[in-house]
Structures are given as structure tokens and as C-alpha cells.
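The next block holds one structure in the form of C-alpha cells; read it before the comments.
Just so you know, ligand 1 is whichever comes first in the structure, and atom 1 is the first atom listed for that ligand.
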Amino acid sequence: MENPVILETKNITKDFPGVRALDSVSFQLKKGEVLGLVGENGAGKSTLMKIFSGAYPANTYDGEISIEGKRCIFNSPKDSQKAGIAIIYQELNLIPELTVAENIFLAREPTVGKTGVIDRKKLFIQTKDLLDRINIPISSQEQIKNLSIGKQQMVEIAKALSYNAKILILDEPTSALTEQEVEVLLKMIDSLRARGVSMIYISHKLDEIFKITDSVTVMRDGKTVSSRRTPELGRQEMVALMVGRNIEDMYPKKEAGISDVILEVRGLFVDHPFLAGEKVVKDVSFKVRRGEIVGISGLMGSGRSELVTSIFGAFPAHSSGEIYIGGKRVKISCPHEAINYGLGLVTEDRKLFGLVLGMEVGENITLSCLEKLSWHQIIIRRREGELVNKYMSALRVKARSSETVVNTLSGGNQQKVVIAKWLATNPKVLLLDEPTRGVDVAAKAEIYQLMTNLAGEGIGIVMVSSDLPEVVSMSDRILIMHEGSMVKELQKNEATQEKIMFYATGGK
Ligand SMILES: Nc1ncnc2c1ncn2[C@@H]1O[C@H](COP(=O)(O)OP(=O)(O)OP(=O)(O)O)[C@@H](O)[C@H]1O
Ligand SMILES: [Mg+2]
């Protein structure tokens, strides 16, 4: 028996200046099902979800929404919440200075009697109960800024669940989670489904879509192009529906002529950000050769990101060790110096290090290489334009023009701009921290092709990644970190996903 429809739209059309983000979308979610929503970067998935969440008031788009057959008009997130919808956004929305508990119960904290004074004891107990119930191992009193992105994501999920929603929207919930945390989340979703919660699950990780969803809706260019039961849909077919063509070679890795050592790190230590005396990177040494792609695996919190950001000069006062570039010892005391030594860093947290969100796409791409383009302080506009166009088309950045402001791009397209920005600096060594996070399948294949080309040109690449198929398929060598230490090195021909997980989880 088919489940009844719980959430439905008719002919939703939403325009932004110059862009039709949604084009007459008709969409249906059934009661108690997990619906996978897939599509290329910029297809309109997040925009549709923001309409469901009340982030866009009803007078800013055309079309109708109904829940259980009743027409709904959402003018604010409150309206949507009242109707039983909760959403976890693609970009994190927590307040860094506040604790976990304060974030979860923001503006609805328990108070002492009718005084209006926040009952902090009750607040923390209430939060602990919630976190325990859904198995999230985080202290309710921890400040958000002390948590990794993955843990912050979990707090967002706890917050959404605390509203007892009947429709839960997850917009790329696992993009910052490791395999194990993804498992925890998927179990959580299963138990919510068993309790009758309906869910919309957006992800570029198609394995997850196949594992967890009951049905799949595909969006392309602002339209829903297909809705099917998941078991009836093959992977190839799903990808073809998303991108409008077949992708023949997902991982175009070729042996590059690996030659001399370009980057060497010796005895690197990085201090823990808030525990005095503790280290997050412990005595790490490794080499990267020209033309080589070195993958770095490990669980979240194993020190992978801190390792690459410290090489890039992000924490000069809190790290020690030796760095050699092309055999010469260098002292890198800030990211600017790192760039001058020929390093590039694509970071996990694009808001923090990656992009200036209020600036245009083109300005962001040329930001790190202005010196190269300038001539007596004058930026040569024509060269700038050529460079920007080259990378925008190589990565297929979906933006109206190079003058589009970055924060109006879809999540995946912002990530492409970060990559373009570093490619434009012509680095000798490229440090990539989760380079394909949030990027659609077609663009992933393009990024892999670019990495292969760069290695072919003699650039050394270090790639931190939680995407095991990506690490296994794209690396010449894989270094595995566990609790701050480098515990294992695997050659390409001996690496498997299982072996990596074994060492990453502390196996010996
Ligand atoms: N605030 C905004 N202003 C202008 N354009 C916007 C805005 N938000 C989204 N867009 C545009 O609307 C289109 C759809 O974007 P949306 O974020 O919904 O894509 P998406 O499917 O979620 O992609 P991704 O997989 O990259 O997250 C894109 O072309 C995007 O640039
Ligand atoms: Mg999105």
C-alpha cells in the first residue's frame, strides 16, 4: 500500500536576479519515507528546501505548498516549524561563543518560574537528555567554537530533532562527517523513520542515497526531472538524470612521472587549541614528491586538517617542526609567506579561510595571485579576466558571470571557486583539505581530472579526505593518522577502504 502524501508542492517558481532557481517544481514527499533529493550543484535543491523552511517568505515565489492536503503559507521559519518542518542547513548556523545547550534551546530556554531568568541547570540537564537519547557524545556545556565541524553538525541535528518535527530536512548532513559518524546518523534516520518521521535527504554521496532512501527525486536546472523508488533506479541512470549525460571515468588517475621531493615535513607538532599541554599533531614527518598525490586519511579529530593548515602557516605560535620546500628549509609564519613559497591550501571550512563571501567570483579567484598579475601595482585587467574565465570554465562554475557575488552561489559552486582560486596561484605544492566536499558527481570527476593534470605538470599534491573511494582511487600513497600521529603508510597497490579504516580507528 502506498503511503499518503505528507508534503506537496505545485508549480513552485523562484527567481533571483538573473537566475531562475526553481522552475515550476512539483514535488511530493510521502508519510514516513526517506526521500533522497539529488542533482548537480546549483540545480535548486537548497532553494526548494529554504522555501519549505520558511526562509523565503511566500510573496517571493509563485506556487503552492500543502501539508497533508492542507494549503500552507510560510512567511517565516516560525510558520514552517509550527507546521512540523525542521531543517538542517548545508551551512552551519550555530553561534560559536555559546554552549551546545544554549544553541539548541536558543530563545526557548527553560526559565526559573515566571521570572524570565534562564534556568541554566535545567537547560543543561534537558540538553544532556536530548543528546543521550540520540547518542551524541558531546558535552552540553561545551562552547560551539571548540567543536570540530563534524560535531557542530551533530549539534545542528540535535537541535532540529528537539522540535519533534514530523518532516525533517537534511541538506547535505554528512558532508563533514566521517564514515563512523555517518553510520551513527544513518541509524538515527532509520529510527526516526520507524517513528513515522518523513525526511528529505540531500546528498552528493550516492552510496548514502542508495543505502538510506526509499525514493529518489532528481532535480536538474531548477526542475524535478524524475521521481522513482530507490530500488528501481541504477547508479548510472541516476547520474545520467542528474547531469544529462554519462560519466565514463570517475577517477581518471594516471601515473605521473614522480620525481624529486618537493615538500618535506619533519617532526611537526601542533598544540591543542584549548587544552594546554596537549597536542593535536604529534611528531609527524613525511615527504611529497613532484607529480605525486599523497592522500591523508583518518577520523575526524585525528589532526589531518590541523596538519595541513599548520604547514600553511596558520598557527605559527602553536606549532613546531621543520619544513623543507625543494630541499631548502623554510620558516613559514603566515599564510601569505606560504603562498610566496609556492604552497596553496584548499580548506575544509570555506567560510573561514577559503572565500570572501561578499566579493565577486572573479575577485576571489585572483585574490591570492594579485602579485603575479600586477605590474607596478596595476592589476592587468585583461590577464585577470582571462585567468578567471579559464578556471570558471575548467571547473564549470555555475554563476551568471565572474561578477556574481560568491555568497549567492550554491554550496558546491562556492567550493569550485575555492579550488579555482588556488589553482590560479600556480602552486608547487597544493594542500587539499576535503576538496570535493559538497561537490556534485560531474564536478568531482572534473576536479579529479584537474588533480591528475596538475600532478602531470610536476605539482605535489597532499589530499586530506574522508571520502574513502576518492582516497583509494586518487592517491599514489596514503598516510593514515590516528589521534595526532601518523600511524601507517600504504602504497597505492595495497590500499583498500577496509585497511584504511582499520588503521584510522587505531588498529595495529
Ligand atoms: N540568495 C541568492 N541570490 C542569488 N542567486 C541565488 C541565491 N541562492 C541561490 N541562488 C542561485 O540559485 C540556483 C540554485 O541554487 P541552490 O543553492 O538551490 O542549488 P543546490 O542544488 O542546492 O546546489 P548545491 O548542490 O551546490 O548545494 C543557483 O544558480 C544559485 O546560484
Ligand atoms: Mg545546496
| query | Is the shortest heavy-atom distance from the side chain of S162 to the side chain of R108 under 4.5 Å? | reply |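 Yes. Closest side-chain heavy atoms under 4.5 Å.
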
| So, do D221 and D23 sit near enough that their side-chain heavy atoms are less than 4.5 Å apart? |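 Not touching, per the 4.5 Å side-chain cut-off.
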
Could you check whether any heavy atom of [X] sits closer than 4.0 Å to an atom of ligand 1, since that is the contact criterion I want to use?
X: Q414; result: no
X: E40; result: yes
X: M49; result: no
X: D440; result: no

Which donor-acceptor pairs under 3.5 Å do the side chains of residues 440-456 make with protein atoms, sequence neighbours left out?
| unit_1 | atom_1 | unit_2 | atom_2 | d |
| --- | --- | --- | --- | --- |
| D440 | OD1 | A442 | N | 3.0 |
| D440 | OD1 | A443 | N | 2.8 |
| D440 | OD2 | N41 | N | 2.6 |
| E446 | OE2 | R396 | NE | 3.1 |
| Y448 | OH | E470 | OE1 | 2.4 |
| Q449 | NE2 | N453 | OD1 | 3.0 |
| T452 | OG1 | P252 | O | 3.4 |
| T452 | OG1 | Y448 | O | 2.8 |

| query | With sequence neighbours excluded, what pairs up with D79 under the salt bridge (Lys or Arg N to Asp or Glu O under 4.0 Å) test? | reply |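 Scan of D79 (salt bridge (Lys or Arg N to Asp or Glu O under 4.0 Å), adjacent residues dropped) gives none.
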
| request: Just jot down the ligand 1 atoms closer than 4.0 angstrom to any heavy atom of E172, in number order. | output: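 Listed by number with element, the hits are 25 (O), 27 (O).
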
| task | Check each atom of ligand 1 against the heavy atoms of H204 and keep those under 4.0 Å away; list them by number with element. | result |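 Reading through ligand 1 atom by atom, the close ones are 25 (O).
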
| said: So that I know where these two stand, are F74 and Y61 an aromatic pair - ring centroids less than 6.0 Å apart? | reply: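 They do not qualify: ring centres at least 6.0 Å apart.
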
Is there a polar contact between ligand 1 and [X], counting only N or O atoms under 3.5 Å apart?
X: F16; result: no
X: A21; result: no
X: G412; result: yes

| query | Among K30, R193, R229, whose salt bridge (Lys or Arg N to Asp or Glu O under 4.0 Å) with D214 holds? | reply |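 Testing each of K30, R193, R229 against D214, the sole residue satisfying salt bridge (Lys or Arg N to Asp or Glu O under 4.0 Å) is R193.
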
| query | Is the NZ or CZ atom of K159 both under 6.0 Å from the centre of the six-membered ring of Y163 and within 45° of that ring's axis? | reply |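 The answer is no, since K159 fails at least one limit relative to Y163.
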
| said: Considering V38, D15, L48, T408 one by one, which has a heavy atom nearer to atom 10 (N) of ligand 1 than any of the others? | reply: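 Going through V38, D15, L48, T408 one by one, T408 has the nearest heavy atom to atom 10 (N) of ligand 1.
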
| query | Evaluating non-hydrogen atoms only, which member of G18, G42, S46 is closest to atom 14 (C) of ligand 1? | reply |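 Selected option, by shortest heavy-atom distance: G42.
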
